[in-house]
Amino acid sequence: MSTIRSICVYCGSSPGRQSLYVEAGRALGRSIAEAGLRLVYGGGTKGIMGAVADGAMAAGGPVTGIIPRFLMTKERTASDLDRLDELVVTEDMHQRKHMMFEKSDAFVALPGGIGTLEEIVEIMTWAQLGRHRKPIVFANLDGFWNPMTALLDHMRAEGFVHTGHLVQPLIVEAVVDIVPAIVEAARAADEAEGDAGVIGRL
């Protein structure tokens, strides 16, 4: 695994019903920027999505927004098109998700809806298939992702999560702990790969 240089954040384009969601988004963006990392996100300027970008930019961090053309008037406003230092407009959702994956070294799911769920599940699917070993984090604010983690445990118990050792998302309760958890996970993975290489040469 390469050094962590960028973190992809999946989250709602609406604010949700609790103010802590938007506050957490802004705090995570700031934390990513203060760690010297690039934020990769869905390009929107509304809801939690906009808060993450605002937090990163306010702290002077680089931000890459990736958005399909058909969502440009739904998830962002025209006046904000030039705020990001990198804006990528894709032709469809598939291209957006692939580009977000390629540009990111780790993934975080903040609270969100069906789209957020679909994105992080796809990343876990790719991990299970051995396509990547990038850190995956569920930001479990106020227990938001408890139903999801319970479902994953249930699927494992029923024998439907094959190669489960490849799908071990980090469950992090506090926003302040997310970036350190990602950095530590990447370090541990590097050490494990190094140990395996040494054993293989013996």
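Keep in mind that what you see is a predicted model, and the values were worked out from it rather than measured.
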Please report the C-alpha distance between Asp92 and Arg69 in whole Å, then the side-chain angles of each, then the deciding distance to 0.1 Å, and finally whether the side chain to side chain contact (heavy atoms under 4.5 Å, CB included) criterion is met. CA-CA 7 Å; Asp92 53 41; Arg69 194 175 305 281; over 6 Å; no
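- Proximity of Ile32 to Val179: side-chain heavy atoms (C-beta onward) are separated by under 4.5 Å at one or more points.
- The pair Lys134-Asp105 does not count as a salt bridge, with every side-chain nitrogen at least 4.0 angstrom from each carboxylate oxygen.
- The closest donor-acceptor contact from the side chain of Tyr41 to the backbone of Gly44 lies under 3.5 Å.
- Residues Arg96 and Leu71 meet the side-chain proximity criterion, which asks for heavy atoms closer than 4.5 Å.
- Leu20 and Ile171 end up in the same hydrophobic cluster when Ile, Leu, Val, Met, Phe, Trp and Tyr side chains are linked at under 4.5 Å.
- Taking the six-membered ring where the residue is Trp, the centroids of His154 and Phe160 are separated by 6.0 Å or more.
- Considering all non-hydrogen atoms of both residues, Val172 and Ala174 come closest at CG1-O, 3.4 Å.
- The nearest pair of heavy atoms linking Met49 to Gly42 is SD-C, 3.9 Å.
- Remark: Glu122 does not engage Arg131 in a salt bridge, criterion side-chain N to carboxylate O under 4.0 Å.
- The shortest distance between side-chain heavy atoms of Phe107 and Phe101 falls below 4.5 Å.
- For the atom pair Leu110 CG and Phe144 CZ, the distance stands at 9.5 Å (nearest 0.5 Å).
- When the options Leu170, Val108, Val9 are evaluated for a side chain to side chain contact (heavy atoms under 4.5 Å, CB included) with Ile178, the one that passes is Val108.
- Between Leu37 and Ser6 there is no side-chain heavy-atom pair separated by less than 4.5 Å.
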Side chain to side chain contact (heavy atoms under 4.5 Å, CB included) for Glu86 and Arg38? Distances and angles first, verdict last. CA-CA 11 Å; Glu86 182 181 23; Arg38 173 175 288 275; 3.8 Å; yes
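- Note that CD of Glu158 is 12.0 Å distant from CG of Asp153, once rounded to the nearest 0.5 Å.
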Give the C-alpha distance, both sets of side-chain angles, the deciding distance and a yes or no for side chain to side chain contact (heavy atoms under 4.5 Å, CB included) between Met148 and Asn140. CA-CA 10 Å; Met148 180 64 187; Asn140 198 31; over 6 Å; no
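- Checking Leu84, Val52, Thr64 one by one against Leu39, the side chain to side chain contact (heavy atoms under 4.5 Å, CB included) holds for a single residue, Val52.
- Here Cys8 contributes atom SG and Ile123 contributes atom CD1; the two are 7.0 Å apart, rounded to the nearest 0.5 Å.
- Side-chain heavy atoms closer than 4.5 Å link hydrophobic residues (I, L, V, M, F, W, Y) into clusters, and following such links, possibly through other members, connects Tyr10 to Leu117.
- The hydrophobic cluster containing Ile120 also contains Leu151, counting ILVMFWY residues as joined when their side-chain heavy atoms lie under 4.5 angstrom apart, directly or transitively.
- Put simply, the residue from Glu119, Glu118, Glu102 that forms a side-chain hydrogen bond (donor to acceptor under 3.5 Å, both in side chains) with Lys97 is Glu118.
- The shortest non-hydrogen separation linking Pro111 to Tyr21 is CG-CD2, 3.6 Å.
- In terms of heavy-atom proximity, Pro68 sits nearest to Val89 at C-CG1, 4.5 Å.
- Using cut-offs of 30° and 60° for the angle between ring planes, the His98 and Trp126 rings count as perpendicular.
- Note: Ser104 OG to Arg5 CZ = 10.5 Å, rounded to the nearest 0.5 Å.
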Using the side chain to side chain contact (heavy atoms under 4.5 Å, CB included) rule, take Met93 and Phe70 through it: C-alpha gap first, then chi angles, then the decisive distance, then the call. CA-CA 9 Å; Met93 292 291 288; Phe70 77 94; 3.9 Å; yes
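- When every heavy atom of Ala33 is checked against every heavy atom of Ala59, the shortest pair comes out as CB-CB, 3.7 Å.
- Follow the hydrophobic side-chain contacts under 4.5 Å out from Leu129 and you never reach Val121; the two are in separate clusters.
- The two residues Leu152 and Pro169 have their closest heavy-atom pair at CD1-CG, 4.3 Å.
- Following chains of ILVMFWY side-chain contacts shorter than 4.5 Å, one cannot reach Val176 starting from Leu141, and the two form parts of different hydrophobic clusters.
- Between Glu23 and Arg26 there is no salt bridge, since no side-chain N of the basic residue sits under 4.0 Å from a carboxylate O of the acidic one.
- The shortest side-chain heavy-atom distance between Ile182 and Ile7 falls under the 4.5 Å cut-off.
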